[in-house]
Amino acid sequence: MTTVLATLRTTVRGALGLTKAAFDLEPVDDETRQTRRRACAACPAATVTRRLGTLPLSVLTPASRCSACKCLLSAKTRVAGEACPRGHW
């Protein structure tokens, strides 16, 4: 039962965060967003693209997620009320 409640809580929190990002309800400035994205790109918990073409890059894609909280990083990094579950930002 506890696992079900935790999953439900995570799902509701994620839906709320996606709604805030989609409607730009708690926006951060561009500098903050870029700082957050750089921290996420360097984090091993983020799903990242390791190569684009022949250049070795570590970049986030629109579908990149955090394996710690399961959030879409493109949305999470845009909302002022969100925080990194690992304390990176």
Side-chain angles (χ1 to χ4, degrees):
M1 185 66 155
T2 304
T3 304
V4 172
L5 289 176
T7 302
L8 180 61
R9 188 177 312 126
T10 300
T11 302
V12 169
R13 188 168 173 355
L16 181 60
L18 282 173
T19 301
K20 288 178 181 179
F23 291 103
D24 211 19
L25 297 179
E26 292 181 20
V28 296
D29 58 82
D30 286 339
E31 183 179 336
T32 300
R33 185 177 57 81
Q34 289 301 325
T35 300
R36 289 177 173 189
R37 288 184 60 79
R38 280 191 295 276
C40 291
C43 181
T47 59
V48 295
T49 302
R50 293 288 180 200
R51 284 194 174 281
L52 281 178
T54 58
L55 299 173
L57 299 175
S58 181
V59 297
L60 298 177
T61 67
S64 293
R65 292 182 177 271
C66 175
S67 64
C69 65
K70 311 297 187 243
C71 289
L72 281 171
L73 294 173
S74 61
K76 187 174 187 95
T77 56
R78 291 189 322 222
V79 178
E82 292 292 330
C84 172
R86 295 178 141 210
H88 295 232
W89 49 266

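As the structure is a computational prediction, the values presented were derived from the model and not from experiment. Hydrogens, waters and symmetry mates play no part in the numbers below; they use all other heavy atoms, side chains included.
For the residue pair Val79 and Val28, the shortest heavy atom distance occurs at C-CG1, 3.9 Å. Arg37 and Thr77 make their closest contact through CG-OG1, 3.6 Å (heavy atoms, listed as atom of the first residue, atom of the second, distance). Here the closest heavy-atom approach between residue Ala63 and residue Thr47 is recorded as O-OG1, 4.4 Å. Among all heavy-atom pairs drawn from Lys76 and Pro85, the shortest one is CE-CD, 4.2 Å. The two atoms that bring Pro62 and Ser74 nearest to each other are O-OG, 3.5 Å, heavy atoms only.
Applying the side-chain hydrogen bond (donor to acceptor under 3.5 Å, both in side chains) criterion to Gln34, with sequence neighbours excluded, gives no partner residue. Remark: Arg33 pairs with Asp30 by the salt bridge (charged side-chain N to carboxylate O under 4.0 Å, His left out) rule, at least two apart or across chains.
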Going by atom type alone, with no hydrogens or angles, which donor-acceptor pairs under 3.5 Å involve a side-chain atom of residues 39-46 and a protein atom two or more places apart or on another chain?
none

Can you give each donor-acceptor pair under 3.5 Å made by side-chain atoms of residues 4-13, sequence neighbours left out, with the distance rounded to 0.1 Å?
from  : atom 1 : to    : atom 2 : distance (Å)
Thr7  : OG1    : Thr3  : O      : 2.9
Thr10 : OG1    : Ala6  : O      : 2.9
Thr11 : OG1    : Thr7  : O      : 2.8
Arg13 : NH1    : Glu82 : OE1    : 3.3
Arg13 : NH1    : Glu82 : OE2    : 3.4

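Chaining together hydrophobic side chains whose heavy atoms lie under 4.5 Å apart places Leu25 alongside Phe23. Alongside Leu18, the hydrophobic cluster contains Leu72 (criterion: ILVMFWY side chains under 4.5 Å).
Side-chain contact check for Thr61 and Ser64: at least one donor-acceptor pair (N or O, by modelled atom type) lies under 3.5 Å.
Under a 3.5 Å cut-off, the side chain of Arg65 and the backbone N or O of Lys70 do form a donor-acceptor pair.
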